[in-house]
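Down below is the structure, laid out as structure tokens.
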Amino acid sequence: MKASVIGTGSALPKTVVKNDDFKQWVDTDDEWIYSHTGIKERRIAKDETLISLAADAAKKALADAGVSGEEIDLIIAATFTPDCFTPTLACMLQNEVGATCPAFDLNAACSGFIYALDVGYRYIKSGAAKKVLIVAADMLSRVTNFSDRGTCVLFGDGAGAAVLSAQGEGNIIYSKTEAESDTKFSLRIPGLYSRFPLNESLPKEESVVSMDGNEIYMNAVRTMTRDIKKALSESGLTISDIDYIVPHQANSRIIDAVAIKLKMLKEKFFMNMPKYGNTSAASVAIALDELSKSGMLRKGTHVALCAFGGGFTSGCAILEWAK
Ligand code: COA
């Protein structure tokens, strides 16, 4: 059985927070943030909830695919910042889109969309599902320490979605996920935090992101380069066959380094982190939706999706655009 991405959608909060807005919390400025990360601004949820963003993205993806919620056989939601831990985001989405199928969440941090795509792809390939809705959504603002300038400027909130189907031409030509135990806990959020915090007395540092930025940076460059090379060798493609790479939108300098290691033109890397920052699991999904709606993709265009995240998780998928 073949599997295809037949529709995409995304949703962002309305509130824009620009780099210089962080001066109210920490000692920083636009020049440092942009030159070190490529980020100019990000969206932060004020009125939105995770389910409102995720449902908006999911409905857009279903409309783009021309598929109704009733036709969906499985919903997978990738997040680590849910509104609540049960019902899961995927079960809440079931109601929002009018589906009656199995639904579950997965947590692979910033690699969440690639992990969800990989699981959905394998359900379809095995014949266990014909249509799968995958949604990747995170609100990192819930777990951001706004007094830590090394992390607070990096993240944003958002959601992205895709519909996978057995009925397309089979445009997912490769998909693989990886994980390596981060024994140093270089990227960690130890505490429980949700829309309704369970323990208000939890020390702040136990419920927010803390990070060894340099360790993550080196790991990100290494794993993205390795995963793309492995994807090419296992799919029988070469670098020149790839028209676009949609990478996790964490930092433009990470992408510059990967482009140099792969000897690939930086222009082939689709980037929207100047507008949204790092939206964690949603990042690749939002970027794929924007690339798909941009008119830059033609039938036969090869797009490689690639992410890394806490855990450490990573993964790569290659699509041969069929629309
Ligand atoms: N504004 C101004 N100065 C800042 C700053 C900010 N927002 N954040 C850090 N600095 C300062 C540091 O305090 C340090 O100052 P010091 O030399 O006086 O001690 C200096 O800038 C250099 O810090 P450093 O951490 O070495 O900067 P860097 O060039 O490594 O960039 C990151 C930091 C976080 C941008 C970079 O390491 C990175 O992007 N890592 C990957 C993070 C990531 O992708 N996380 C998500 C994974 S899914």
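Whatever order the structure lists ligands and atoms in, that order sets their numbers, starting from 1. Just the heavy atoms: all of them, side chains too, but no hydrogens, waters or symmetry mates, feed the values below.
- If you number the atoms of ligand 1 from 1 as listed, the ones under 4.0 Å from a heavy atom of Asn251 come out as 35 (C), 38 (C), 39 (O).
- Atoms of ligand 1 found under 4.0 Å from any heavy atom of Ala250 (numbered from 1 in listed order, with element): 44 (O).
- Here the heavy atom of the protein found nearest to atom 47 (C) of ligand 1 is Ile216 CG2, 3.5 Å.
- No more than 12 heavy atoms of other residues, nucleotides or ligands sit less than 6.0 Å from atom NZ of Lys18.
- Residue Asp29 has no N or O atom closer than 3.5 Å to an N or O atom of ligand 1.
- Atom 45 (N) of ligand 1 has its closest protein heavy atom at Met211 SD, 3.3 Å.
- Geometrically, Lys268 does not engage Tyr244 in a cation-pi contact defined by less than 6.0 Å to the ring centre and at most 45° from the axis.
- By the 6.0 Å contact criterion, CZ on Phe269 is enclosed, its count of non-hydrogen atoms from other residues, nucleotides or ligands being greater than 12.
- At least one heavy atom of Phe308 lies less than 4.0 angstrom from ligand 1.
- Distance screen at 4.0 Å: atom 7 (N) of ligand 1 has a protein heavy-atom neighbour inside the cut-off.
- At the shortest separation from atom 27 (O) of ligand 1 among protein heavy atoms lies Trp32 CZ2, 4.0 Å.
- Ranking the protein heavy atoms by distance from atom 1 (N) of ligand 1 puts Thr28 OG1, 2.6 Å first.
- Here the shortest heavy-atom pairing between Ser252 and Met271 reads CB-SD, 4.1 Å.
- Shortest non-hydrogen contact noted between Met1 and Ile124 is CG-O, 3.3 Å.
- For NZ of Lys275, the number of neighbouring non-hydrogen atoms (other residues, nucleotides, ligands) closer than 6.0 Å is greater than 12.
- Among all protein heavy atoms, the one lying closest to atom 31 (O) of ligand 1 is Arg253 NH1, 3.9 Å.
- Counting protein heavy atoms under 4.0 angstrom from atom 13 (O) of ligand 1 gives one or more.
- Ring pair Trp32/His36 is parallel by interplanar angle, where below 30° counts as parallel and above 60° as perpendicular.
- Classified by interplanar angle (parallel below 30°, tilted 30° to 60°, perpendicular above 60°), the ring pair Phe146/Trp25 is tilted.
- For residues 84-103, the pairs satisfying side-chain hydrogen bond (donor to acceptor under 3.5 Å, both in side chains) are Lys59-Glu96, with sequence neighbours left out.
- Residue contacts with ligand 1 leave out Ala220, since none of its heavy atoms falls under 4.0 Å from the ligand.
- With respect to atom 41 (C) of ligand 1, the closest heavy atom belonging to the protein is Gly213 O, 3.6 Å.
- Within the 4.0 Å heavy-atom shell around ligand 1 one finds Asp27.
- The side chain of Asn278, and not its backbone, has at least one atom closer than 4.0 Å to an atom of ligand 1 (non-hydrogen atoms only; side chain from C-beta on).
- Within a 4.0 Å radius of atom 38 (C) of ligand 1, the protein contributes at least one heavy atom.
- In terms of protein heavy-atom proximity, atom 15 (O) of ligand 1 is nearest to Arg149 NH2, 3.8 Å.
- Between Leu50 and Asp83, the closest heavy-atom pair is N-OD1, 3.0 Å.
- Heavy-atom neighbours of Tyr34 OH from other residues, nucleotides or ligands within 6.0 Å: at or below the threshold of 12.
- Relative to atom 29 (O) of ligand 1, the option among Met218, His36, Glu31, Gln249 with the closest non-hydrogen atom is His36.
- In this structure Thr313 satisfies the side-chain contact (heavy atoms from CB on, under 4.5 Å) test together with Ala108, Ser111, Tyr115, sequence neighbours excluded.
- Residue Cys110 approaches ligand 1 through these ligand atoms, each under 4.0 Å from one of its heavy atoms: 48 (S).
- The single protein non-hydrogen atom nearest to atom 30 (O) of ligand 1 is Asn214 OD1, 2.8 Å, given as residue, atom name and distance.
- Looking only at distances, a side-chain donor or acceptor of Asn145 sits under 3.5 Å from a matching main-chain atom of Ser147.
- Against a heavy-atom cut-off of under 4.0 Å, Gly150 is close to the following atoms of ligand 1: 8 (N), 34 (C).
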